[in-house]
Amino acid sequence: MTQERESFLAHLQDEPHAQYGDFVVARAWKFDGTPHWVVPGYYLGADEYGHWIHQPAGSLVARPGSAHLAASDALCLIPRGERWVATLYDSAQEDFDVYIDLSTSVGWAPLKSGGWELNSIDMDLDAIRSRTRGVFLDDEDEFTEHAAQMGYPRNLQLILRQTAEGLLQGLADDRPPFNHSYRAQWRQRAANFDARDTHVAKD
């Protein structure tokens, strides 16, 4: 990771001063500073589990060399002080119900034009609950390869694996905030938001 990149990450905020409807760009990087996925959304609010973002169907999901339009609405959960970012899918048509990216250096930066940029470093490992495959940990081979290539600190590797174990258990037990009954309140809040007119909610 370059010194410039390290300096940028060091100045990220732990908490955004965001309001309901604020535009949010979720921007992930790899450990060596390579750009990864970028996903737009809108800030819904926060609770004991963290900050919730609405990512509407049709949003452009892009990374260098690849892009697609989101097939369904999704909720993104950014916990406080943790090493993960979760995407919770809205449609039973999606195979993934919950997709959790193990991450580090998760933080917020205000956009000059208004809204927020959420930055994180994607650490390869993904804790997933699939409608066809159940609960599993994905991309362990990529994690091992990148740990050697990019020099992941040994202590960080251990922390990420321990974190993944806890997340997998939470998914298997269907605990909040990952269960459908808990996230229903945030799905409703997203449904009340009109993405065509930021900051404006439907009556």
Side-chain angles (χ1 to χ4, degrees), residues 1 5-20 22-33 35-55 74-89 97-111 115-129 135 137-140 143 146-147 150-179 182-183 185-186 189-190:
M1 189 183 304
R5 187 74 196 141
E6 287 181 343
S7 177
F8 170 76
L9 293 172
H11 286 86
L12 293 176
Q13 300 177 22
D14 293 331
E15 292 278 333
H17 303 294
Q19 299 179 357
Y20 176 71
D22 278 356
F23 182 62
V24 178
V25 178
R27 185 182 302 276
W29 307 82
K30 302 305 284 186
F31 193 79
D32 63 356
H36 198 41
W37 290 110
V38 178
V39 187
Y42 300 91
Y43 187 80
L44 294 177
D47 62 11
E48 62 185 291
Y49 295 104
H51 299 275
W52 292 84
I53 300 168
H54 171 46
Q55 295 176 336
L75 294 169
C76 187
L77 173 60
I78 315 302
R80 299 176 181 87
E82 298 288 347
R83 289 183 168 87
W84 53 269
V85 173
T87 304
L88 302 90
Y89 291 94
D97 178 43
V98 182
Y99 195 107
I100 307 176
D101 293 283
L102 275 291
S103 307
T104 190
S105 299
V106 181
W108 303 79
L111 294 169
W116 293 84
E117 183 178 79
L118 169 71
N119 281 264
S120 63
I121 296 177
D122 181 276
M123 297 300 295
D124 309 317
L125 294 175
D126 304 305
I128 296 171
R129 185 165 67 199
V135 174
L137 186 64
D138 201 20
D139 288 339
E140 291 189 83
F143 179 76
H146 285 172
M150 302 181 189
Y152 294 175
R154 179 62 179 165
N155 186 55
L156 177 59
Q157 294 182 51
L158 294 174
I159 291 172
L160 290 170
R161 287 200 172 275
Q162 290 170 355
T163 301
E165 289 177 8
L167 291 169
L168 291 170
Q169 192 61 57
L171 292 174
D173 294 343
D174 201 29
R175 299 176 198 156
F178 306 123
N179 58 17
Y182 186 83
R183 69 172 104 154
Q185 61 186 305
W186 292 104
R189 195 163 171 80

Taking atom OH of Tyr152 and atom OG1 of Thr104, what is their separation to the nearest 0.5 Å?
10.5 Å
Can you find a pair of side-chain heavy atoms, one from Leu102 and one from Leu167, that are under 4.5 Å apart?
yes
If you compare all heavy atoms of Pro177 against all heavy atoms of Leu77, which two are closest, and at what distance to 0.1 Å?
CG-CD2, 3.4 Å
Side chains of residues 78-86: which donor-acceptor pairs under 3.5 Å do they make with residues two or more places apart or in other chains?
residue : atom : partner : partner atom : Å
Arg80   : NE   : Glu15   : OE2          : 2.9
Arg80   : NH1  : Asp47   : O            : 2.7
Arg80   : NH2  : Asp47   : O            : 3.4

Do we see a donor-acceptor contact under 3.5 Å between the side chains of Asp122 and Trp37?
no
Do Leu88 and Trp52 have side-chain heavy atoms sitting under 4.5 Å apart?
yes
Looking at Leu125 and Arg161, what are the two nearest heavy atoms and their distance?
CD1-CG, 4.3 Å
Using side chain to side chain contact (heavy atoms under 4.5 Å, CB included), reason through Thr87 and Gln55 one step at a time and then give a plain yes or no.
CA-CA 9 Å; Thr87 304; Gln55 295 176 336; 4.3 Å; yes
Of all heavy-atom pairs between Trp186 and Gly45, which one has the smallest distance, and what is that distance?
CH2-C, 3.7 Å
Look only at the side chain of Arg183 and the backbone of Tyr89, and say whether a donor-acceptor pair between them is shorter than 3.5 Å.
yes
For Lys30, is there an ion pair with Asp32 - N to carboxylate O distance below 4.0 angstrom?
no
One pair to check against side-chain hydrogen bond (donor to acceptor under 3.5 Å, both in side chains): Tyr42 and Asp22. What are the steps and the verdict?
CA-CA 5 Å; Tyr42 300 91; Asp22 278 356; over 6 Å; no
Minimal non-hydrogen separation, Ala164 against Leu137, with atom names
CB-CD1, 3.9 Å
Less than 3.5 Å apart, any donor N or O on the side chain of Asp126 or Tyr99 sitting next to an acceptor on the other?
yes
May I ask you to check if Arg129 and Phe178 form a cation-pi contact, with NZ or CZ under 6.0 angstrom from the six-membered ring centre and within 45° of the axis?
no
Above 12 or not: heavy atoms from other molecules or residues under 6.0 Å from CG of Asp173?
yes
Roughly how far apart are Leu44 CG and Ile53 CD1, rounded to 0.5 Å?
8.0 Å
Correct closest heavy-atom pair for Leu12 and Ala109 would be CD2-CB, 3.8 Å
Decide yes or no on side chain to side chain contact (heavy atoms under 4.5 Å, CB included) for Arg189 and His54, but give the supporting numbers first.
CA-CA 9 Å; Arg189 195 163 171 80; His54 171 46; over 6 Å; no
How long is the span from the CG atom in Leu160 to the CG atom in Asp124, to the nearest 0.5 Å?
9.0 Å
The side chain to side chain donor-acceptor pair (under 3.5 Å) partners of Asp138 (sequence neighbours excluded) come to none
Could you tell me the separation between the CH2 atom of Trp29 and the NE2 atom of His36, rounded to the nearest 0.5 Å?
12.0 Å
Please identify each residue that fulfils salt bridge (Lys or Arg N to Asp or Glu O under 4.0 Å) with Glu165, with sequence neighbours left out.
none
Verify the distance criterion only: is there a donor paired with an acceptor across the side chains of Asn155 and Gln157 at less than 3.5 Å?
no
Are the ring centres of His17 and Trp108 closer than 6.0 Å?
no
Do the ring centers of Tyr43 and His51 come within less than 6.0 Å of each other?
yes
Check the pair Val106 / Ile121 against side chain to side chain contact (heavy atoms under 4.5 Å, CB included), numbers first and verdict last.
CA-CA 7 Å; Val106 181; Ile121 296 177; over 6 Å; no
Of all the heavy-atom pairs spanning Phe143 and Met123, show the shortest one and how long it is.
CD1-O, 3.2 Å
